[in-house]
Amino acid sequence: MQVELYDTLSRQKKPLEPQDNTVRIYHCGMTVQSRPHVGHLRGYIVMDALRRFLRFKGYEIKLVQNITDIDDKVIEKSAAEGIDWRMLAERNTDELLRVTDALNIERPTVMPRATQHIEEIIDLVSKIIEKGHAYESKGDVYFDVRSYSKYGKLSGKNIDELESGARIEPSENKRDPLDFALWKAAKQGEPYWYSPWGKGRPGWHIECSAMSAHYLGSEFDLHAGGEDLVFPHHENEIAQYEAATGNGFAKAWMHVEMLNLRGEKMSKSTGHLVVASDVIEAYDPNVLRMFTLRVHYRAQTEYTIEGMDEARSAWERITTFLAAAQQVLGEPALATEYPKLDAVLSDDFNTPKAMGLVFDLVHQGNEALASGDKDKLAEATVKLNLALQILGFKPRREEGVQDVKTLLDLLVRFRSELRAAKAFEWADKLREMIQEAGLIMEDTKEGTRIRFR
RNA sequence: GGCGGCAUAGCCAAGUGGUAAGGCGGCGGUCUGCAAAACCGCUAUUCCUCGGUUCAAGUCCGGGUGCCGCCUCCA
């Protein structure tokens, strides 16, 4: 099945057609001015699942995800804290990696930092100036928006309408208020790099054009990021790269919609957000993945405790089944194909439909379990395992529970004997105590079993 | 003001013009010493509203109403 994704630029679904077997993807990462929040995580989880799916489809994936470790806010916030800007950037980068690792999100193939690509950035800025699409002004360099006729093609904006929007940052250095900085002169005490225009630092959008070009070349397959980046960030990336080289930039654009909080978008500047670290402390990593993938990536959705609790219940339905199936079938096996899943994910990565299939399998498996049909059980289980793997779920059984298994078996035997002796009071007492430790004991026809919550 | 998106059960959420997936929750039943899990049944004659196209509309078109995003740093 041919994979198609909705492309923001052409405003339609577009087949993914890499030139060779490698899919080249640039995913806009964080500006590490502050701690990662759950809104960031939505995009990372979607990309992680997409990447696993494409790998399942037989592609190699080269995923470049930047860390923008220098910008105005990084400087401001580190100054406010009285620490070196590098320390702030590294601290937030570390936290991001800690959180994404915990969420079973694979690290990108390359995770380039803006400050490690100053040379490429300067080259690109120089080229834009040479082509007449940028100008220097008192140590700053600005992109000349009016010189580039295709400006606005991604976001569908019109320069003159933007102009009348009135909320544009004025600057005496700019020729036109819409022009944006490619390079910013360093003020006293600010970090700087040497450039043909004096001491300074890159503007916000240029690092992504430079790094994507450096690692992926022109016309790479997919450029992804949050919906809020469409304008101006991605619009500017296109303008910079295409104005400098005359080559096409990304072939397709994928934008993940916002995760809102109380009806509004999460935002670093207003503090209207939920910190990522808090969420992974409170919930199993699979729960956030469930919460994320049950909604299509192009639909806005709301972060709520109720939603997370609901996702937890849903996830428990899966793990409960897996534990029961394992008791009958032994160690889990994987199907090699699952055409229905392939079809729904190939159609603009419809993960909510995929979750529907997952729960259908759980239901079929439970039916088989109830009727004692071992073949049917195995069929559902192997497909389910494949689906979970493709979507990036990681049931806990893979985490070395083996070490305590003997001990658990002992407890199960103990309860069985108490029940056989009709010492129900003690049997229940044991179950309660076990539950306090976060484990659930259940009596079934096949005997008592124990599972993690 | 300009551009874009969305309105589907108590809640979350899919839905290619052909007769409303799935999850959570709730109710009834089966099983059980009790519980949990699971299974069986029920839980939207209808998809914000008004009009239109069509043999047929949640799906297409137009007018309302409401909500969200972007136009400023943002995933």
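Just the heavy atoms: all of them, side chains too, but no hydrogens, waters or symmetry mates, feed the values below. By convention in this document, chain letters (A, B, ...) are assigned in the order of the sequence lines, proteins followed by strands, and residues within each chain are numbered from 1.
Arg449(A) has its CZ atom 16 Å from the P atom of rU32(B), to the nearest Å. Taking atom CG of residue Leu391(A) and atom C1' of nucleotide rG22(B), one finds them 14 Å apart after rounding to whole Å. If you measure from atom CE of Met355(A) to atom P of rC24(B), you get 11 Å, rounded to the nearest angstrom.
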Original post:
Where each pair must be Watson-Crick or G-U wobble with both distances under 3.5 Å, what dot-bracket representation of RNA chain B is obtained, with crossing pairs in [ ] and other-strand partners as |?
Top reply: ((((((((.[[[..)..(...]]]((((((.......))))))....[[[[[..)....]]]]])))))))....

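With hydrogens and angles ignored, the 3.5 Å screen pairs no side-chain donor or acceptor of Asn66(A) with any backbone N or O of Pro112(A).
In the set rA75(B), rC71(B), rG69(B), the nucleotide with an atom closest to the side chain of His37(A) is rA75(B). For Glu161(A), the side-chain atoms get nearest to rG2(B) when compared with the rest of rA75(B), rG2(B), rG23(B).
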Which atom pairs link the protein and nucleotides 10-17 of chain B when you take only N or O atoms and keep those under 3.5 Å?
{"from": "rC12(B)", "atom 1": "O2'", "to": "Arg294(A)", "atom 2": "NH1", "distance (Å)": "2.9"}
{"from": "rC12(B)", "atom 1": "O2'", "to": "Arg294(A)", "atom 2": "NH2", "distance (Å)": "3.0"}
{"from": "rA13(B)", "atom 1": "OP1", "to": "Thr301(A)", "atom 2": "OG1", "distance (Å)": "3.0"}
{"from": "rA14(B)", "atom 1": "OP1", "to": "His296(A)", "atom 2": "N", "distance (Å)": "2.9"}
{"from": "rA14(B)", "atom 1": "O3'", "to": "Asn350(A)", "atom 2": "ND2", "distance (Å)": "3.3"}
{"from": "rG15(B)", "atom 1": "OP1", "to": "Asn350(A)", "atom 2": "ND2", "distance (Å)": "3.1"}

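Residue Lys374(A) qualifies as open at atom NZ: its count of foreign heavy atoms under 6.0 Å is 12 or below. For Tyr192(A), the OH atom counts as loosely surrounded, since its 6.0 Å shell holds 12 or fewer non-hydrogen atoms of other residues, nucleotides or ligands.
The base of rG33(B) is paired with the side chain of Arg415(A) by a donor and an acceptor separated by under 3.5 Å. Below the 3.5 angstrom threshold, one finds a donor paired with an acceptor across the side chain of Arg431(A) and the base of rA35(B). On a pure distance criterion of 3.5 Å, no polar donor-acceptor pair joins the side chain of Arg317(A) and the base of rG23(B). Checked by distance alone, Asp443(A) brings a side-chain donor or acceptor within 3.5 Å of a matching partner on the base of rC34(B). With hydrogens and angles ignored, a donor-acceptor pair under 3.5 angstrom links the side chain of Lys157(A) to the base of rC70(B).
Between Tyr303(A) and Phe291(A), the distance separating the two ring centers is shorter than 6.0 angstrom. Between His27(A) and Tyr44(A), the distance from one ring center to the other falls under 6.0 angstrom.
Position along RNA chain B of the nearest nucleotide to Arg419(A) versus Asp228(A) favours Arg419(A) as the more 5'-ward residue.
Look at the C1' atom in both rA14(B) and rG22(B): the space between them is 7 Å, to the nearest Å. Of the C1' atoms belonging to rG63(B) and rC70(B), the separation is 25 Å, rounded to the nearest Å. With both ends at atom P, the span from rU43(B) to rU54(B) equals 35 Å, rounded to whole Å. Taking the C1' atoms as reference points, rG62(B) lies 11 Å from rU53(B), given to the whole Å. Using atom P as the reference point in both rG69(B) and rG64(B), the two lie 22 Å apart (nearest Å). Remark: the separation of the C1' atoms in rG18(B) and rC6(B) is 26 Å, to the nearest Å. Spacing between rU49(B) and rU59(B) at atom P, rounded to whole Å, works out to 11 Å. Atom name P, nucleotides rG2(B) and rC47(B): the rounded distance is 31 Å, in whole Å.
Side-chain N/O atoms of Arg451(A) and Thr319(A) include no donor and acceptor closer than 3.5 Å. Side chains of Gln33(A) and Asp71(A): a donor-acceptor N/O pair is absent below 3.5 angstrom, by distance only.
Taking 4.0 angstrom as the limit, His363(A) places a side-chain polar atom (N or O) nearer than this to OP1 or OP2 of rC40(B). Distances shown here put every side-chain N or O of Arg451(A) at or beyond 4.0 Å from the OP1 or OP2 atom of rA36(B). In this structure, Asn366(A) reaches the rC39(B) phosphate: one of its side-chain N or O atoms is under 4.0 Å from OP1 or OP2. In this structure, Arg298(A) does not reach the rC68(B) phosphate: none of its side-chain N or O atoms is under 4.0 Å from OP1 or OP2.
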Original post:
Going through the checks in order, is the side-chain contact (heavy atoms from CB on, under 4.5 Å) test met by Glu379(A) and Asp373(A)?
Top reply: CA-CA 10 Å; Glu379(A) 198 195 325; Asp373(A) 186 340; over 6 Å; no

**OP:** Test salt bridge (charged side-chain N to carboxylate O under 4.0 Å, His left out) on Lys184(A) and Glu190(A) and set out the steps.
**Re:** CA-CA 11 Å; Lys184(A) 291 185 156 188; Glu190(A) 288 183 348; over 6 Å; no

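Met290(A) comes within contact range of no nucleotide atom at all, as no heavy-atom separation falls under 4.0 Å. Phe424(A) comes within 4.0 angstrom of a nucleotide base, judged by non-hydrogen atoms across all strands. As judged by a 4.0 angstrom heavy-atom cut-off over every strand, Leu357(A) is placed among residues making no nucleic acid contact.
The aromatic ring of Phe359(A) does not stack onto the base of rG22(B), failing the criterion of a centre distance under 5.5 Å from the six-membered base ring together with planes under 30° apart.
Listed by first then second residue, pairs satisfying ring pair (Phe, Tyr, Trp, His ring centres under 6.0 Å) with a partner in residues 407-442 of chain A number zero, not counting sequence neighbours.
Rounding to the nearest 0.5 Å gives a distance of 13.0 Å between CZ of Arg24(A) and CG of Leu63(A).
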